[in-house]
Amino acid sequence: INRRAEKREEIYEAVRKARHYLRDKIFASDVYRSEGRISVCAHSHLDIVYLWPIKETLRKNCRTITNMLSLMREYPFYRFSYSQPFLYEKLKEIYPDVFEEVKQRVRDGRWEVIGAMYLEPDGNLLGPESLVRQLLFGKRFIRQEFDIDAQTCWLPDVFGVMYTLPQILKKAGVKYFSTAKLNIWNDTNVFPYDTFRWRGPDGSEVIAHFPPTHFAQAYEADNLRRHWRDFREKHITGENLFIYGYGDGGGGPTREMVEGSQRSRNFPGLPETKIEFAEEFFRRQAEMADKLPVWDDELYLEAHRGTYTTKASLKRSNRKVELLYRDAEIISSMAWLCGAPRAQEILNEGWKHILLNQFHDTLPGTHKPACVSDIERDYQAAFAIGEDVRNKAMTFIMEHLDVESDAACDLLLFNTLSWERSGLVDVAHNPQVSSIQFDGTELHPIQHYNGRTWVNVPALPSMGWSVATFSEVVLD
């Protein structure tokens with residue numbers, strides 16, 4: 001190229017010739033081609049809370065999505081994957097027109113709704129029922145709104161995952177799993193695999209893939225090079241998944257990244273790249289499952305260890321509200337069998353507050369202090385709903401007991417465990433009584449201590465209740 005050419009058209013013509021030469025002699029030549037294939041997936045990870053409160057997340061959510069829709073209008077080949085049904089749900093509520101455009105792009109086959117859970121929760125601190133509800137609420141929303149059966153558990157940013165998750169995923173119809181930190185952040189032991197079968201303690205397996213580079217990265221040749229260099233199952237699968245686009249605070253890919261994804265298909269020194277969705281990649285890995293190595297253990301991240309002790313009040317609230325909703329659902333089901341109206345829709349609204357606060361930067365405590373007031377407000381709402389449903393259900397049962405046999409009922413004692421139990425129960429102080437009778441049987445002594453009346457309950461039936469009557473009879 002002669003930059004000193006007097007006519008601009010001469011320069012343009014030289015550039016065109018150089019471009020054709022590069023395309024024909026280098027980009028289209030097998031001489032410079034590397035073996036293998038990299039599936040490239042445009043994505044944007046958005047933390048529900050982190051360095052910002054949730055009100056800012058909702059704005060980030062809309063900005064990210066409208067940017068991606070704009071890129072789709074500009075680049076017909078562009079495809080994008082976005083996770084977390086909670087974010088779609090809020091988009092539908094606050095920006096319904098944008099949500100409808102996303103639905104159209106899903107129908108067009110250009111937008112992937114990835115991730116089967118309601119949001120991306122912590123992988124270790126949740127109770128098993130919470131994990132089930134994350135999947136239930138997430139898969140239900142995706143099926144209702146997009147007519148899609150979500151089959152990928154997408155947790156790129158979590159701090160390790162419990163050993164039992166494959167069993168829960170398998171029972172929920174989820175076949176694939178992905179996270180990203182173990183093989184790039186472990187501080188001592190190198191996690192041995194990138195693509196493998198993850199097996200739980202009961203033998204359940206899911207296909208797992210851990211991309212060897214970060215999930216929120218630019219689309220650059222050097223990142224692609226490192227991504228393929230560090231991939232350890234080249235000899236088995238011959239392909240891996242490259243996730244790109246600004247993340248944590250959303251944003252997603254830029255125009256430069258999108259154009260790079262198109263131009264890198266035959267980039268010299270790199271494997272072939274292919275623009276596609278994550279689940280397309282996973283389906284091919286499942287076809288060679290019998291060749292993949294097996295990891296039969298938990299996914300322990302050797303980093304972020306303080307997340308299991310910091311902000312202990314949040315962890316206490318999570319466990320207490322999980323136990324409350326277990327009791328509320330059991331007792332309200334008992335009340336429904338006695339004729340009470342169903343309470344599940346009300347409880348589902350409470351569950352959404354619980355699931356929201358299980359996000360992987362919320363429950364572990366890795367967020368700014370400005371986020372705490374919103375988190376506490378959600379817990380208060382969840383507790384209020386759960387306690388209201390539980391108390392109304394107990395009242396309904398008490399009001400509909402056999403009037404003749406239970407007319408003298410002073411206490412109604414519930415056991416929500418699946419086995420018979422006994423133990424001490426303290427009730428409001430009643431100094432006039434000295435003994436108690438359960439279900440019309442013999443009298444039992446009681447004690448008054450520290451401003452409360454204590455009762456030793458001999459046996460409560462599993463998943464049931466007993467009625468008790470106080471007596472002034474003094475036992476020897």
Side-chain angles (χ1 to χ4, degrees), residues 43-62 64-65 81-94 99 102 112-146 148 150-162 165 168-169 172 174 177-181 215-216 247-250 252 278 307 314 317-318 321-322 325 348-367 371 374-375 377-379 381-382:
H43 175 60
S44 182
H45 174 65
L46 179 53
D47 286 321
I48 305 300
V49 298
Y50 180 35
L51 304 179
W52 47 84
I54 194 167
K55 62 182 180 181
E56 183 59 33
T57 301
L58 303 181
R59 291 191 285 266
K60 287 174 177 286
N61 185 40
C62 185
T64 299
I65 289 174
S81 301
Y82 199 52
S83 62
Q84 305 192 87
F86 167 78
L87 294 174
Y88 289 96
E89 187 177 61
K90 288 302 177 183
L91 186 75
K92 179 183 178 181
E93 177 185 323
I94 304 170
F99 181 73
V102 169
E112 181 181 37
V113 182
I114 189 75
M117 290 188 172
Y118 186 59
L119 41 70
E120 295 171 11
D122 180 79
N124 285 304
L125 292 169
L126 279 61
E129 185 60 32
S130 289
L131 287 168
V132 172
R133 298 304 169 111
Q134 290 282 357
L135 289 162
L136 174 64
F137 280 63
K139 286 176 69 79
R140 177 191 289 158
F141 180 86
I142 294 172
R143 180 179 287 115
Q144 289 175 347
E145 295 294 337
F146 302 103
I148 294 171
Q151 297 189 341
T152 303
C153 182
W154 187 262
L155 303 176
D157 200 27
V158 298
F159 316 147
V161 187
M162 63 183 69
L165 187 60
I168 295 172
L169 295 179
V174 176
F177 174 79
S178 184
T179 190
K181 287 188 171 179
F215 54 86
D248 284 350
T307 59
L314 300 182
S317 292
N318 177 70
V321 79
E322 286 179 329
Y325 273 63
N348 285 347
E349 291 305 309
W351 266 111
K352 287 184 178 181
H353 292 288
I354 299 171
L355 302 181
L356 174 61
N357 277 355
Q358 291 172 342
F359 182 72
H360 65 261
D361 282 316
T362 305
L363 187 55
T366 51
H367 53 259
C371 305
D374 292 330
I375 297 168
R377 188 160 45 247
D378 278 303
Y379 275 131

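By convention here, the first residue in the shown sequence is residue 1. All figures in this text were calculated on a predicted structure; none of them were measured in a lab.
Side chain of E322 to backbone of S130: no donor-acceptor contact under 3.5 angstrom is found. In this structure, the side chain of D378 does not engage the main chain of H353 through any donor-acceptor pair within 3.5 Å. Under the 3.5 Å distance criterion, the side-chain polar atoms of Q358 are left unmatched by any main-chain donor or acceptor of L126. Checking side-chain atoms of N124 against main-chain N and O of M162 turns up a donor-acceptor pair under 3.5 Å. When atom types are taken as modelled, the side chain of T307 and the backbone of P364 share no donor-acceptor pair closer than 3.5 angstrom.
Checked by atom type, the side-chain pair D361/T366 shows a donor-acceptor distance below 3.5 Å.
Residue-environment remark: OH (Y50) stays at or below the threshold of 12 foreign heavy atoms within 6.0 Å.
A distance of 6.0 Å separates CG of L91 from SG of C62, quoted to the nearest 0.5 Å. Here N357 contributes atom CG and I54 contributes atom CD1; the two are 8.5 Å apart, rounded to the nearest 0.5 Å. Residue N61 holds its CG atom at 7.0 Å from CG of L58, rounded to the nearest 0.5 Å. The CZ atom of F215 lies 8.0 Å from the OG1 atom of T179; values are rounded to the nearest 0.5 Å. Atom CD1 of I114 and atom NE2 of H43 lie 8.5 Å apart (nearest 0.5 Å). The structure places CD of E89 at 10.0 Å from CG of L356, a figure rounded to the nearest 0.5 Å.
Between F177 and L155, the closest side-chain pair of non-hydrogen atoms falls below 4.5 Å. Between E145 and V113, every side-chain heavy-atom pair lies at or beyond the 4.5 Å cut-off. When side chains are defined from C-beta on, Y118 does not count as touching L136, because their heavy atoms never get closer than 4.5 Å. Counting heavy atoms from C-beta on, the side chains of I48 and L87 come closer than 4.5 Å. L46 places a side-chain heavy atom less than 4.5 Å from the side chain of Y82.
When each of H360, K60, Q84 is tested with D47 by the rule side chain to side chain donor-acceptor pair (under 3.5 Å), just one qualifies, namely H360. A ring pair (Phe, Tyr, Trp, His ring centres under 6.0 Å) with Y88 holds for exactly one of F137, F146, F141, F99; it is F146.
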Start with the C-alpha distance between R140 and R143, add both sets of side-chain angles, then the distance that settles side-chain contact (heavy atoms from CB on, under 4.5 Å), and finish with yes or no. CA-CA 5 Å; R140 177 191 289 158; R143 180 179 287 115; 5.6 Å; no
Test side-chain contact (heavy atoms from CB on, under 4.5 Å) on M117 and T152; report intermediate values, then the result. CA-CA 9 Å; M117 290 188 172; T152 303; over 6 Å; no
Working note: V158 + D122, criterion side-chain contact (heavy atoms from CB on, under 4.5 Å); need CA distance, chi angles, decisive distance, verdict. CA-CA 6 Å; V158 298; D122 180 79; 5.9 Å; no
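Looking at residues two or more places apart in sequence or on another chain, you find a side-chain hydrogen bond (donor to acceptor under 3.5 Å, both in side chains) between E129 and R133.
Nearest approach of T362 to I375, heavy atoms of both residues: CG2-CD1, 3.5 Å. Minimum interatomic distance between S83 and W154 (heavy atoms only, all atoms of both residues): CB-CD1, 3.7 Å. Closest heavy-atom contact between P53 and D374: CB-OD2, 3.7 Å. The minimum heavy-atom distance between G350 and A382, with the atom names listed, is O-CB, 3.9 Å. Residue W52 comes nearest to D248 through the heavy atom pair CZ2-O, 3.1 Å, listed as atom of the first residue, atom of the second, then distance. Considering all non-hydrogen atoms of both residues, G252 and T64 come closest at N-CG2, 4.4 Å.
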